Each structure stands twice: as structure tokens, then as C-alpha cells.
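Predicted model, so just to flag it, every value in this text is computed and none were measured. Residue numbers begin at 1 in each chain, while the letters A, B, ... track the order of the sequences. Computed from heavy atoms alone, side chains included, the values below leave out hydrogens, waters and symmetry copies.
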Number of protein chains: 2
Amino acid sequence: MSPIGGHRQNCCSHDEGECGPPGGARVRGFVHSWLLLQLARGPAHGYELLERWEDDEAPDPGFLYRALRGLEEDGLVQSAWDTAGPGPARRVYAITDLGRDYLHAWSVHLRRTRDRLDRFLADYASLVEGKGGERHAQAPR
Amino acid sequence: MSPIGGHRQNCCSHDEGECGPPGGARVRGFVHSWLLLQLARGPAHGYELLERWEDDEAPDPGFLYRALRGLEEDGLVQSAWDTAGPGPARRVYAITDLGRDYLHAWSVHLRRTRDRLDRFLADYASLVEGKGGERHAQAPR
DNA sequence: CCACCTATAGGACTCATACATCTAGATGGT
DNA sequence: ACCATCTAGATGTATGAGTCCTATAGGTGG
């Protein structure tokens with residue numbers, strides 16, 4: 001089955017980009033990089049990071065906590081319980097030097113990824129405008 | 001284990017982005033969108049598309065062929081055997097109108113993804129240069 | 001006729017991420 | 001006291017994109 005959508009010929013076809021990707025296009029490893037970037041700005045706990053993620057595009061909470069523990073397991077962050085303050089205890093994470101190195105490495109790869117996307121979008125744009133006014137050339141049947 | 005790498009504290013730490021992501025950061029659905037874009041320019045067969053992909057970043061052949069068949073199964077492309085010409089028969093694919101719609105929908109999402117990456121990279125850049133006088137750009141929305 | 005190239009294909013696997021739940025302490029209202 | 005609700009973290013399991021390895025089969029050159 002195509003990864004392109006859970007679709008079933010019932011969508012699309014007229015106005016704006018409806019239908020497409022279910023949940024948007026995700027970038028592999030982006031969540032982890034984003035977490036490292038946030039922690040590079042200062043220590044924080046999971047729930048806080050979760051809320052810092054703006055609006056719609058927050059990752060699954062379960063995934064976020066697992067990601068943080070994974071990062072710790074790999075020595076990219078450290079954590080400690082914070083029992084002070086109100087509410088349940090929080091696990092506060094801080095980035096390590098190794099984590100900073102990884103963040104840098106990932107930023108390089110993410111930049112490459114962005115450049116690739118840029119090329120794709122430019123190609124698509126040139127295709128669309130090169131088609132004159134109308135979209136929907138006939139199908140090459 | 002962290003998805004960030006098969007690493008094991010033996011890498012990184014000094015110069016350029018070594019170590020990081022194993023195979024680079026990939027974008028979900030990018031291969032399929034790319035295929036649709038190529039086919040929107042004109043019919044082509046799998047092997048040709050495979051070679052058209054620039055150097056290092058070509059997808060696995062098995063994956064590419066599967067992707068094409070998946071797209072066909074979903075009605076986004078059509079195919080026919082081409083037994084003429086030298087060599088083994090090729091399966092020539094052409095995009096359909098539905099495929100064009102999907103391509104458009106995906107371009108919208110991929111643009112969003114690129115913008116998100118831009119925000120991330122800008123935040124990272126400001127963090128790095130602002131090592132002392134920091135600015136806190138807003139969270140990547 | 002053997003080795004290599006073109007072209008397509010399929011099985012099996014990994015790993016990133018999502019979805020659904022679950023615990024458990026804190027808090028506030030009645 | 002009690003119950004609902006919020007905060008905070010965790011786990012079990014599913015899904016599905018993408019990789020790896022291998023197979024097949026027709027063509028081509030030595």
C-alpha cells in the first residue's frame with residue numbers, strides 16, 4: 001500500500017492540499033534533535049518540553065518520554081528527579097557535551113535535508129508554472 | 001536505544017559533523033513525492049528513475065520498485081510493459097490526474113516541513129552564535 | 001557458454017513514531 | 001473525607017517507511 005495516504009480515491013481533486021499525508025511529512029530524527037536543542041538552552045523536564053512544542057505538531061507524549069530516556073541511555077543528556085515545587089516529581093534533563101556534539105552533527109544533516117527539500121520544491125514550482133495557466137494537463141493515458 | 005545513531009561514544013567531538021545520523025535525515029514520503037514529480041515531467045521506467053537520483057542519496061532499488069507498484073495500486077500512476085528497445089523489458093510508468101493531485105498536496109506538506117526545518121536551523125544558529133549574548137527565539141512552531 | 005549488465009521483484013528485517021492506556025501524586029471544590 | 005481533575009511520567013503494542021539481501025531473467029561481449 002502506498003505510504004502516501006490512508007486515502008481511498010475519495011479525497012483531493014479540487015481546491016487546496018486536502019488529503020495528502022496523514023499527519024504531515026515527518027523528518028526522521030527531528031524530535032530527538034529538537035529535544036537536544038531545547039535542552040541546549042537549559043534544563044527542562046518532559047512535560048514542559050511537551051508543552052513548549054507549539055500547537056498541532058507536538059509528538060506523542062509516550063514517544064517524547066521514551067526519547068528522553070533513550071537520549072540519557074546514550075549519554076546525550078542527564079537527568080535527576082526534582083521533588084521540590086508543586087505537583088508530582090519531575091525528571092529534569094540537561095544536555096551533556098556529547099549531546100552537544102550530536103546536536104551539531106544533526107544540524108548538519110538536517111540542513112542537507114532542508115536543501116534537498118528546497119530543490120524539490122523549486123523543481124515542483126518550475127513544473128507548475130511551466131504549465132501555463134491551467135493545472136490538470138490531460139492524463140497520459 | 002536512541003534512534004540518533006548506532007553510535008557508541010566513539011565518534012564526534014571535534015571537527016565536522018561526523019557520526020550523526022546513519023544515512024542522513026530522511027523525510028517521510030519524500031521518495032514517493034519525488035517519483036510523482038519525475039513522472040509528472042514524463043513517463044519513465046524504474047531503473048531510469050533510480051539512476052536519475054543524484055549520486056549518494058538514491059533510495060534502495062527494492063524500495064523504489066515497491067513504491068512504484070504501491071503508487072499504481074493507489075491509482076496515482078499507470079504502467080505498461082515496454083518490450084521494445086534493447087535489454088530486458090521495462091515497466092514504464094506515467095502519472096495520472098489523481099497522482100497530480102497528490103503531488104500537489106504533498107508539495108504543500110513538504111513546504112511546511114521545510115519551514116519547520118528552517119526554524120530549527122535558525123534557532124540552532126542563534127544558539128551557537130549567541131553563546132554569550134543569547135537571544136531566545138520563539139519555539140519552532 | 002560464461003560472466004556481466006540491465007531491469008524488476010520479493011522476503012525479512014529495523015527502527016522511528018503513533019495510539020491507547022496506566023500509574024500516581026497534587027489540588028481544589030463541596 | 002471524597003471525588004474530579006490536573007500534572008507528570010511510563011509501558012505495551014501497532015504501523016509503516018525504508019534497508020538489506022537475494023532471486024530471476026533477458027541481453028551482450030569475450
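Regarding contacts with the backbone of D:dT7, a side-chain N or O of A:Y47 is found under 4.0 angstrom from either OP1 or OP2. At least one side-chain nitrogen or oxygen of A:H45 sits closer than 4.0 Å to the OP1 or OP2 atom of D:dG9. Side-chain nitrogen and oxygen atoms of A:R69 include at least one within less than 4.0 Å of the OP1 or OP2 phosphate oxygen of D:dA10.
Atom CZ in A:R91 sits roughly 21 Å away from atom P in D:dT7 (whole-Å rounding). The distance from atom CH2 of A:W106 to atom C1' of C:dA16 is 10 Å, rounded to the nearest whole Å. Atom P of nucleotide C:dA7 and atom CG of B:D82 are separated by 10 Å, given to the nearest angstrom. Atoms CG (B:L49) and P (C:dT6) sit 16 Å apart, rounded to a whole Å. To the nearest angstrom, C1' of C:dA7 lies 10 Å from CG of B:L50. For the pair A:Y65 OH and C:dC19 P, the computed distance is 17 Å after rounding to whole Å. Rounded to whole Å, the distance from CG on A:D74 to P on C:dA16 is 10 Å. For A:R52 and D:dA8, the CZ to C1' distance is 16 Å, given to the nearest whole Å.
If you find the closest nucleotide of DNA chain D to A:W81 and to B:F30, the one lying nearer the 5' end belongs to A:W81. Where A:A89 and A:D60 each meet DNA chain C at their nearest nucleotide, the meeting point lying more 5' is that of A:D60.
The structure places OG1 of B:T83 at 8.5 Å from CZ of B:R90, a figure rounded to the nearest 0.5 Å.
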Q: For the pair A:R91 and A:E72, evaluate side-chain contact (heavy atoms from CB on, under 4.5 Å) and give the outcome as yes or no after the intermediate values.
A: CA-CA 12 Å; A:R91 190 179 275 277; A:E72 177 161 36; 4.2 Å; yes
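Residue A:G62 is in base contact, counting any heavy-atom pair closer than 4.0 Å across all strands shown. Here A:R66 lies in heavy-atom contact (under 4.0 Å) with a base.
For A:R52 and A:E48, the salt-bridge test passes: some basic side-chain N is under 4.0 Å from an acidic carboxylate O.
Under the 30°/60° scheme for interplanar angles, the aromatic rings of A:H104 and B:Y124 are found to be tilted. Using cut-offs of 30° and 60° on the angle between ring planes, the pair B:W34 and B:W53 is tilted.
Across C:dT17, C:dT8, D:dA8, the shortest atom-to-atom separation from the side chain of A:V31 is found for C:dT17. Proximity note for B:P88 (side chain, C-beta onward) versus C:dA16, D:dA17, C:dA7: the nearest is C:dA7.
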